[in-house]
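Scroll down for the structure; my scribbles are underneath it.
Per chain, numbering begins at 1; letters A, B, ... match sequence-line order.
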There are 2 protein chains.
Amino acid sequence: MFKKVLVAEDFDSISITVAQALEELSVSEIHHAKYCDDAFLKIKKAIKDNLPYDLLISDLSFKTDHRENKLNSGDELIAAIKKVQPDIKTVVFSIEDKSFRIKSLFNDLGINAYVAKGRNSIPELKKAIQGVFNNNTKILSQELTHALRDKSLIEIETYDISLLKLLSKGLILDEIALDFKNSGIIPNGSSSIEKRINKLKIFFKANNNVHLIAIAKDLGLV
Amino acid sequence: MFKKVLVAEDFDSISITVAQALEELSVSEIHHAKYCDDAFLKIKKAIKDNLPYDLLISDLSFKTDHRENKLNSGDELIAAIKKVQPDIKTVVFSIEDKSFRIKSLFNDLGINAYVAKGRNSIPELKKAIQGVFNNNTKILSQELTHALRDKSLIEIETYDISLLKLLSKGLILDEIALDFKNSGIIPNGSSSIEKRINKLKIFFKANNNVHLIAIAKDLGLV
DNA sequence: TACATCCTTACGGGAAACCGTAAAACAGTA
DNA sequence: TACTGTTTTACGGTTTCCCGTAAGGATGTA
């Protein structure tokens with residue numbers, strides 16, 4: 001089993017249970033960080049000391065409080081860690097259940113397993129850790145296997161996300177076109193953007209832009 | 001200390017820790033429900049057996065899954081329980097931190113304490129339970145005391161919430177006016193509604209309706 | 001090169017939002 | 001009743017959205 005494991009999780013109510021689960025799996029060194037920045041520091045320190053971590057278990061969303069942090073989400077944390085220690089195994093333990101988000105975790109960040117927090121998640125987490133240790137990859141908690149089969153969201157690309165983000169900030173079509181031009185994103189004609197928004201409205205069955213953003217917010221796309 | 005306590009919490013990763021905390025407080029009977037419906041049944045059963053619960057610790061949001069449920073949130077659960085056992089003490093343990101929501105929990109549902117899940121929430125939860133047992137009421141976890149002082153959201157009334165809800169469903173002004181007329185909500189002139197939306201836009205510093213709904217979604221108002 | 005196809009952009013008309021102003025309805029007070 | 005102030009409603013002009021059509025441009029193929 002893994003020897004040295006780092007848990008990045010802000011809620012004490014959850015990290016305590018995760019630590020217990022790791023003990024039951026006979027992990028000898030279990031460390032814990034409540035902030036992404038702290039987690040990153042621990043990883044770097046361990047590399048420097050030539051005693052790197054074998055496994056990272058990370059949440060995705062961290063509460064913001066008075067503290068100023070450089071890394072503010074599990075996504076950012078994992079991306080940063082992969083740069084300094086590309087071979088570290090990673091298990092994400094989060095409430096997020098949008099296929100779009102999870103897919104990008106595997107594809108863009110190269111995580112090894114994803115376990116959704118839920119009614120029976122601790123046994124699943126244990127199983128996932130065991131699986132990653134046995135060099136299985138792309139492990140997904142039971143209830144999510146069907147979610148990823150759902151193709152509905154895969155077709156939404158980063159372009160659409162950028163578009164929805166700007167819309168939700170209150171920009172009008174022309175302003176979005178200008179923003180895209182400045183960012184080098186194409187297509188950036190206001191007419192094309194209009195067309196793309198229309199596609200999204202049809203896709204999500206939205207009556208108008210307001211409705212569209214409400215749906216996008218519900219799906220966690222923006 | 002309380003003798004018989006029910007914990008309504010869907011995540012196993014959290015309920016385990018909460019149960020441990022209750023043990024440390026010397027609670028003799030600790031029961032647990034993963035679904036609101038189950039929690040409600042246990043409460044009713046206990047009343048029937050003349051062995052009612054002393055305290056309810058409840059989450060607010062519950063994951064939806066394959067199961068069909070009548071009660072789908074902590075709000076609904078508490079409201080239902082208060083009808084059959086008005087004197088039960090209630091502690092809400094949730095991630096929700098919007099002052100608007102928490103205020104209504106105290107005022108409309110008559111809960112006794114609110115503890116926000118966070119980096120140091122288990123000690124706070126213990127303290128809150130102790131406080132409720134000593135007949136203190138309106139207990140709020142530390143980090144939230146300032147949040148409720150923030151008056152910014154108190155002025156938003158149910159009228160505004162209804163309005164934002166309909167907007168987020170993609171209805172246009174005239175449709176909203178019609179809906180309000182049918183529901184007996186006043187004012188319901190499309191002009192008045194327009195004015196009210198404008199006030200909300202100023203209040204939330206929104207550029208347009210799309211922006212407004214994005215903000216409302218972020219604040220958890222709709 | 002010629003043709004077909006797809007993607008991007010342009011344009012125009014009608015609907016809805018946006019914004020200010022003013023009239024009408026209502027409540028409180030003398 | 002008359003006066004005052006507030007709330008609700010009505011109206012008009014401008015901007016933006018919405019939606020269809022069509023022109024321009026790039027790519028692939030015979």
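- Shown here are the side-chain contact (heavy atoms from CB on, under 4.5 Å) partners of B:A206, two or more places apart in sequence or in another chain: B:K201, B:H211, B:L212, B:I215.
- Using a 4.5 Å cut-off on side-chain heavy atoms (C-beta onward), A:I78 and A:V92 make contact.
- Using a cut-off of 4.0 Å between Lys/Arg side-chain N and Asp/Glu carboxylate O, B:D218 and A:K217 are scored as salt-bridged.
- Interface residues of residues 163-185 of chain B facing DNA chain D, ordered by number: none; criterion, heavy-atom separation under 4.0 Å.
- Looking only at side-chain heavy atoms (C-beta outward), B:D37 and B:R67 come within less than 4.5 Å of each other.
- Closest non-hydrogen pair, B:F93 versus B:I57, comes out as CB-CG2, 4.2 Å.
- Scanning residues 194-201 of chain B for heavy-atom distances under 4.0 Å to DNA chain C yields B:E194, B:K195, B:N198, B:K201.
- In the 5' to 3' direction, nucleotides of DNA chain D lying under 4.0 Å from heavy atoms of chain A begin and end at D:dT16 to D:dT21.
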(Q) Go through it in stages, so that I can follow the logic: the residues are A:I213 and A:L164, the test is side-chain contact (heavy atoms from CB on, under 4.5 Å), and I'd like the CA-CA distance, side-chain angles, deciding distance and then a yes or no. (A) CA-CA 7 Å; A:I213 290 303; A:L164 290 169; 4.1 Å; yes

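- The stretch residues 208-218 of chain A touches DNA chain D through A:N208, A:N209, each having a heavy atom within less than 4.0 Å of the strand.
- The side-chain heavy atoms of B:S94 and B:Y114, taken from C-beta on, include a pair separated by under 4.5 Å.
- In this structure the side chain of A:V7 never reaches within 4.5 angstrom of the side chain of A:D59, judged on heavy atoms.
- Along DNA chain D, the nucleotide closest to A:N207 and the one closest to B:P187 are compared, and the more 5′ of them pairs with B:P187.
- When the shell of 6.0 Å around CD1 of A:I186 is examined, it contains 12 or fewer heavy atoms from other residues, nucleotides or ligands.
- In this structure, the side chains of A:I81 and A:Y53 stay at 4.5 Å or more apart for every pair of heavy atoms.
- Qualifying side-chain contact (heavy atoms from CB on, under 4.5 Å) partners for A:K195, counting only residues two or more places apart in sequence or in other chains: none.
- Note that CD of A:E9 is 10.0 Å distant from CG of A:L60, once rounded to the nearest 0.5 Å.
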